[in-house]
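Notes follow the structure.
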Amino acid sequence: MKAYLEKLIHVVDDQHLAKLKSMKMKTSKLRKLLDCLISARDTGGKTRKELLEYLEVDDRLLRKMKSVLLRRCYEELVPGEGLPLLDLLSRYRLQENFERQLLIEEKKIRRKSNEKMKQEFYGMALTFMVRMPFSSANLDGLEKISLQILKYAKGDEKELLSLKNLAMILTVRMIREFFNRDKKATANDDFKKTIDQISLGAKVHNDRALEVFEHFIRAVHSYMVKLDYYEAEKLFSSLYKDKERLKLLPVDFANSVCGMAASSLYFTNRFEESVNIFEDNIRDKNVFFLNHPHLLMRLTEVYMITGRMDDAYEILSKHLKRFLDTGEPDAVQIAAIVYTKYYLLLGDSQSAFDYLQIVRNNLNKKFFLIHDLDTRMLEIIYFILNGDLKFAKSIIVRALKFVREKKKSKEVPKYAEGFELLHNLVIAEMKGRPLNHFVQEANNIFSGSDTIFGILISRYCNNELINQQAS
C-alpha cells in the first residue's frame, strides 16, 4: 500500500491535526498506530520492522489497519467525503490520495441519473486537479475530465465551457513549461495560437469572464513562457488592483494573482513592493498561496533579502517545512533550496550542507533544470564560504561545461555569467589578488531571484578585504 495515510498526517495543518489527535478509536492498536504516525511528524518515526514489532502485528494486518485508519481520518476531517474531501486533498496537494479518491467518487457519480449533478461534479474535479503540482500535472487526466464536463453540457453552453476548460488546461501547460525548460519545449506559437483562440471566443460570446481569463493567461504566458517579468508584473498588477474583474476568475486562479503579481515585482528588484503584496496573502489567509511552494519560496527569499530573517523562518517552519515530507520532488527541492539560502545567510554551514544534500538527492530522482542550476550555484558558494577553493573551482568547471550544453534554455546565459564570475573570484583569491571589485560585479549579475547569491558573495569579498587590511 502506498503511503496515503503517512502523507496525509504529515501535511495537515495544526487545526486538522488536532482533529485527528482527538479521534476516538475502536481498538487500542489503531490508537497506537495513529499516535506513532503523528509523532513521526517531528521525530522521523519507526521503521516498518520496528512498527510491526511495536504493534505486534504482521505485514498484512498492518496494511489493513492503515486502510481502516485512512478512511477514519477522512471521515473525521470531512464528514460525508465526496467533493469536500477531494477539495481538501487537492488543497494539500496530495496527488496520489486525490487520484485514488477521485476514482471512488467517479464510480458513485456514474450511478446517479441527474446530468446536471454530473456536470457540476466534473467541473469541480477539474478545478481541484488544477491545484495539483504543476511540475507533474496529469494533462491527459485534465483533458479526460474536461470531456466529461462537455458531455453533459447543453447548446451554446458547450462551446463556452470548452473555451474556459481550454484556458484552465493551457495555464497548467504553460506552468509545466516553466518547470521543464530542459526538455523539448512546446513551440511558443502554439501557446499564442490557443490564447488567440480564447480571445476570439470571448469576443464572439461577449463573455466578460472569459475575457478576464484571457488577460490572466496572457500574464501567465509572460511570466512562465517568455520569462518577461516586467510585462508579467504589469498584467498581473492591473488584474490584482481591479477587484471586480478579479471576481470573474475561477476562485483558485483569482487567489493566485496576488502571489504572481508579488513574484513579478520580486523578479524586477522591487522588493519592498513585493513584500507588501505578498503579505496581503498572509493577512487574508489565502489557502492557495499557503499551499503553493513556488510562491512561498519567493516570499521567504524577499524576507531574507530585506533582512527580515525572523519572518523568513516563520514561513519556513510553518509552511515550507511540511513540503519536505510530501515526497513531491519539485516542492522538496524548493523547500530545501530556501533552507540552504537561509542557513548560508546565518553562517550555519552544517545546516546549509544538510539541506544541499536533500536537494541533490532529490534531483537525482527527478531532474528540474532551474533547481539544478540554483543548487550548483549554492554548492559553489558553500565551498567558497568554507575556504575550500580548490573544490569550488572543480565544481565551477563542471558547471560551465554543463551550461554550455544547455544553451537552448533562456536563463542559462545568466547562470553562465554567474559561474564565470565565481571562477574569476576563486582564481583571484587563490593568487592573493584583491576582491573588492567583485562586489559590484556580483550585485550587477545577481539580481531579482538571484539576489541572495550576490549578498553572499559580496559578504565574502568584504570579509576577505577586512582580513587583508588587518594582515
Here the pair of heavy atoms bringing Ile384 nearest to Tyr460 is O-CE1, 3.5 Å
*Does NZ belonging to Lys108 count more than 12 external heavy atoms closer than 6.0 Å?*
yes
Under 3.5 Å side-chain donor-acceptor pair for Asn97 and Tyr92:
no
So, Asp354 and Gln350: side-chain donor and acceptor under 3.5 Å apart, yes or no? yes
**Over-ring placement of Arg100 relative to Tyr4, 6.0 Å and 45° cut-offs** = yes
Nearest heavy-atom approach of Ala254 to Leu246 is CB-O, 3.5 Å
Practice item. Check whether more than 12 heavy atoms from other residues, nucleotides or ligands sit under 6.0 Å from atom CG of Asp58, and answer yes or no. Key: yes
Next item on the list: Assess whether atom CZ of Arg283 is packed by more than 12 heavy atoms of other residues, nucleotides or ligands within 6.0 Å.
Entry: yes
Taking it one step at a time, do Arg131 and Asp87 satisfy salt bridge (Lys or Arg N to Asp or Glu O under 4.0 Å)? CA-CA 9 Å; Arg131 294 176 185 163; Asp87 184 11; 2.5 Å; yes
Separation between CD1 (Ile457) and CD1 (Ile380), nearest 0.5 Å, reads 9.0 Å
Side-chain donor-acceptor pair present, Glu233, Tyr266, cut-off under 3.5 Å
no
In terms of heavy-atom contacts, Glu157 and Lys116 come closest through OE2-NZ, 4.2 Å
When you look at CG of Asp310, are more than 12 heavy atoms from neighbouring residues, nucleotides or ligands closer to it than 6.0 Å?
no
query = Would you say the side-chain atoms of Arg270 and Asn276 include a donor-acceptor pair closer than 3.5 Å?
reply = no
Worksheet item: Is it the case that Ser349 and Asn386 place a side-chain donor and acceptor less than 3.5 Å from each other?
Response: yes
Between Thr375 and His371 the two heavy atoms that sit nearest each other are OG1-O, 2.6 Å
Here the gap from Ile305 atom CD1 to Lys341 atom NZ, rounded to the nearest 0.5 Å, amounts to 8.0 Å
**Prompt:** Are Asp59 and Arg48 close enough for a salt bridge, meaning some N to O gap below 4.0 Å?
**Reply:** yes
Going by heavy atoms in the side chains, are Phe323 and Val332 under 4.5 Å from each other?
no
Notebook entry, point to check: Does any donor atom in the side chain of Glu120 or Tyr152 lie under 3.5 Å from an acceptor atom in the other side chain?
Noted result: no
If you count heavy atoms of other groups shown closer than 6.0 angstrom to NZ of Lys243, is the number above 12? yes
Any idea how Tyr223 and Tyr229 line up, ring-wise: parallel (<30°), tilted (30 to 60°), or perpendicular (>60°)? perpendicular
Is the closest side-chain donor-acceptor distance between Glu115 and Gln119 under 3.5 Å? no
Worksheet entry | Side-chain donor-acceptor pair present, Thr127, Asp252, cut-off under 3.5 Å | no
Closest heavy-atom pair, Leu456 versus Leu385, reported as atoms and distance to 0.1 Å, is O-CD2, 4.1 Å
For Leu235 and Ser222, the nearest pair of non-hydrogen atoms, with its separation, is CD1-OG, 3.7 Å
ask   = If we only count heavy atoms from C-beta on, is the Asn255 to Phe289 side-chain gap below 4.5 Å?
value = no
For Lys118, I'd like to know if atom NZ has over 12 heavy atoms of other residues, nucleotides or ligands within 6.0 Å.
yes
Is Lys32 close enough and on-axis enough to Tyr54, meaning under 6.0 Å and within 45°, for cation-pi? yes
| message | Using a 6.0 Å cut-off, check whether atom OH of Tyr313 has over 12 heavy atoms from anything other than its own residue. | response | no
Result for side chain to side chain contact (heavy atoms under 4.5 Å, CB included) between Phe213 and one of Leu248, Leu166, Thr171, Ile198 points to Thr171
Does this structure show an ion pair linking Asp372 with Arg360, if we count only N-O contacts that are shorter than 4.0 Å?
yes
Review point. Side chains of Gln197 and Glu214: donor-acceptor distance under 3.5 Å anywhere?
Key: no
For Tyr355 and Tyr339, take the angle between the two ring planes, folded into 0 to 90°, and tell me which bin it lands in: parallel under 30, tilted 30 to 60, perpendicular over 60. parallel
